[in-house]
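The next block holds one structure in the form of structure tokens; read it before the comments.
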Amino acid sequence: MLNVTLRQLRALQAIYSSGKISSAAKELGLTAPAVTLQLKQVEEEAGTMLFDRTADGMRPTDAGLAFIEAAQAIGERLCLLQDEVDAIKGIRKGTLRLGVVSTAKYFAPQLMAGFMREFPDIDMTLATGNRQETIANLKNHAVDIALMGRPPKDVPVRAMVFGDHPLVIVARPDHPLARVRDISKKRIAQEHFLIRERGSGTRVSLEIFLGEIPGRLDNLGTEMGSNETIKQAVMAGLGIAFISAHTVASELETGRLVILDVVGMPIRRQWFSISRSDRTKSPAMTAFEDFLLDKGTMYLPLLSTLYPDAAYREDGTAR
């Protein structure tokens, strides 16, 4: 494989991303025959087909996927080399691709802005998605660092805690349980929940919380695709929600939502900074992690009083 060139690897990546020789050629500024020749040369070097030619386009074989992953790793290492050389020369610049689960999008932009004020020559990009999508971005080397609630188990990672992540149950201010204290898990399980899609970390936590209630997970609630939709649905009176407190800080402050006082809540999780342990950290990644440790909690939303003052216990007695 030592005869394979960077130009050929870029051609393979372009074919993979576009699915067609003609599209890859346009992306690379080459002719289609030139890209075809590069593919043929690599296949001859490998001694096997790297793409299946189908009616739907070029589909990578298992060997082709191995080449694509190697090409991505080589590209990352070259970018890291540039960052390392710049660091040696005393240049505080580089690139950083940040991935965050959708719950973190409520503070990630402010966090990025704070970091970029201190490191204006580091170019940052932001990718948001649910937990499964963010983990996939880590697997595919599409992000350098991911912010999420629990480290993945199927990817070799470094995990660093940078702040608390409370999970709460919210309702409309006029909900019958809004002024009740010490609501039992059995009682709250009778309510209709508005829930995230499968793959969401918040949904997994809710399933764990209600898992001991017989049959409760058989019909968990009404599924919705985003925290914003869930918040609007709760405010409309369609149900209650188990959600990150950081996503509802504004609505709690303005009184559009209230946190229900459920026994065992809030569930206190933690925010983690995640990066792959099988790759070398760039200076930009190190700078961002140091920033998180030093100032990350400053950018997490703050909650004022969690519950209304006038309240009574579930048994009806004053508190």
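Note that the structure is predicted; figures quoted are calculated from it, not measured.
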Distance flag, aromatic centroids of Phe193 and Phe242, threshold under 6.0 Å:
no
What closest approach, in Å, do [X] and [Y] show between heavy atoms, and which atom pair accounts for it?
X      : Y      : answer
Ile21  : Ala32  : CG2-O, 3.6 Å
Arg150 : Arg131 : O-NH1, 2.6 Å
Ser205 : Arg269 : OG-NE, 4.0 Å
Ser18  : Ala24  : OG-N, 3.4 Å
Arg276 : Lys139 : NH1-O, 2.9 Å
Ala284 : Thr95  : CB-O, 3.5 Å

Taking only residues two or more places apart in sequence, or in another chain, which ones meet Phe107 in a ring-ring contact (aromatic ring centres under 6.0 Å, His included)?
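Partners of Phe107 under the ring-ring contact (aromatic ring centres under 6.0 Å, His included) test: Trp271.
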Would a 4.5 Å heavy-atom cut-off, applied to side chains only, mark [X] and [Y] as touching?
X      : Y      : answer
Leu12  : Phe51  : yes
Glu45  : Gln8   : no
Leu292 : Leu147 : yes
Ile74  : Leu6   : yes
Lys185 : Glu212 : yes
Val100 : Thr134 : no
Glu43  : Phe67  : no
Asn227 : Ser102 : yes

Going by side-chain heavy atoms closer than 4.5 Å, which hydrophobic residues are tied to Ile208, directly or by a chain of links?
Val204
Are [X] and [Y] joined in one hydrophobic group, where the rule is that I, L, V, M, F, W and Y side chains link up if heavy atoms are under 4.5 Å apart?
X      : Y      : answer
Leu177 : Ile213 : no
Val170 : Tyr106 : no
Leu300 : Met298 : yes
Leu39  : Met49  : no
Ile15  : Leu65  : yes

Taking [X] for its side chain and [Y] for its backbone only, find out whether a donor-acceptor pair lies under 3.5 Å.
X      : Y      : value
Arg216 : Asn219 : yes
Asp182 : Val263 : no
Asn140 : Ala136 : yes
Asn130 : Gln132 : yes
Lys231 : Val248 : no
Thr247 : Ile243 : no
Ser200 : Arg196 : no
Thr128 : Val101 : no
Gln110 : Tyr299 : no
Arg172 : Met235 : yes

Please say which of Leu138, Ile145, Val143 ends up in a side chain to side chain contact (heavy atoms under 4.5 Å, CB included) with Ser275.
Ile145
Verify side chain to side chain contact (heavy atoms under 4.5 Å, CB included) between His175 and Val258, making sure each step is shown before the conclusion.
CA-CA 9 Å; His175 191 280; Val258 295; 5.8 Å; no
Which is it for Tyr16 and Gln72 under the side-chain hydrogen bond (donor to acceptor under 3.5 Å, both in side chains) test, yes or no, and what are the steps along the way?
CA-CA 12 Å; Tyr16 174 68; Gln72 290 175 331; over 6 Å; no
Can we say [X] and [Y] salt-bridge, meaning some charged N sits less than 4.0 Å from an Asp/Glu carboxylate O?
X      : Y      : result
Lys295 : Glu118 : yes
Glu76  : Arg97  : yes
Glu289 : Lys281 : yes

Residues Arg256, Thr254; criterion side-chain hydrogen bond (donor to acceptor under 3.5 Å, both in side chains); working and verdict
CA-CA 6 Å; Arg256 290 175 290 169; Thr254 57; 2.9 Å; yes
Counting only heavy atoms not in Lys26, do more than 12 sit closer than 6.0 Å to its NZ atom?
no
Above 12 or not: heavy atoms from other molecules or residues under 6.0 Å from CG of Asp62?
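Not buried by this count: 12 neighbours or fewer within 6.0 Å.
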Stepwise salt bridge (Lys or Arg N to Asp or Glu O under 4.0 Å) test for Glu223 and Arg198
CA-CA 9 Å; Glu223 186 174 302; Arg198 294 186 183 278; 5.2 Å; no
Given Asp154 and Ile135, is the side chain to side chain contact (heavy atoms under 4.5 Å, CB included) satisfied, shown in steps?
CA-CA 9 Å; Asp154 56 345; Ile135 292 174; 4.1 Å; yes
Euclidean distance, [Y] [atom2] relative to [X] [atom1], rounded to 0.5 Å:
X      : Y      : atom1 : atom2 : value
Thr5   : Leu9   : OG1   : CG    : 6.5 Å
Asp290 : Met285 : CG    : CE    : 12.0 Å
Leu217 : Leu210 : CG    : CG    : 6.5 Å
Met265 : Leu167 : CE    : CG    : 6.5 Å
Ile259 : Ile240 : CD1   : CD1   : 12.5 Å

Could you walk me through whether Phe115 and Phe288 pass the ring-ring contact (aromatic ring centres under 6.0 Å, His included) check?
CA-CA 7 Å; Phe115 176 73; Phe288 185 73; 5.2 Å; yes
With sequence neighbours excluded, what pairs up with Leu81 under the side chain to side chain contact (heavy atoms under 4.5 Å, CB included) test?
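Side chain to side chain contact (heavy atoms under 4.5 Å, CB included) check on Leu81 returns Arg77, Glu84, Val85.
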Go through the steps to decide whether His165 and Ser244 satisfy the test side-chain hydrogen bond (donor to acceptor under 3.5 Å, both in side chains), and finish with yes or no.
CA-CA 7 Å; His165 180 198; Ser244 166; 3.0 Å; yes
Output, in order, the C-alpha distance, side-chain angles, deciding distance and verdict of side chain to side chain contact (heavy atoms under 4.5 Å, CB included) for Val234 and Leu257.
CA-CA 8 Å; Val234 173; Leu257 290 174; 3.4 Å; yes
After noting the C-alpha distance and the side-chain angles of Leu98 and Asp144, does the key distance pass the side chain to side chain contact (heavy atoms under 4.5 Å, CB included) rule?
CA-CA 6 Å; Leu98 182 65; Asp144 301 310; over 6 Å; no
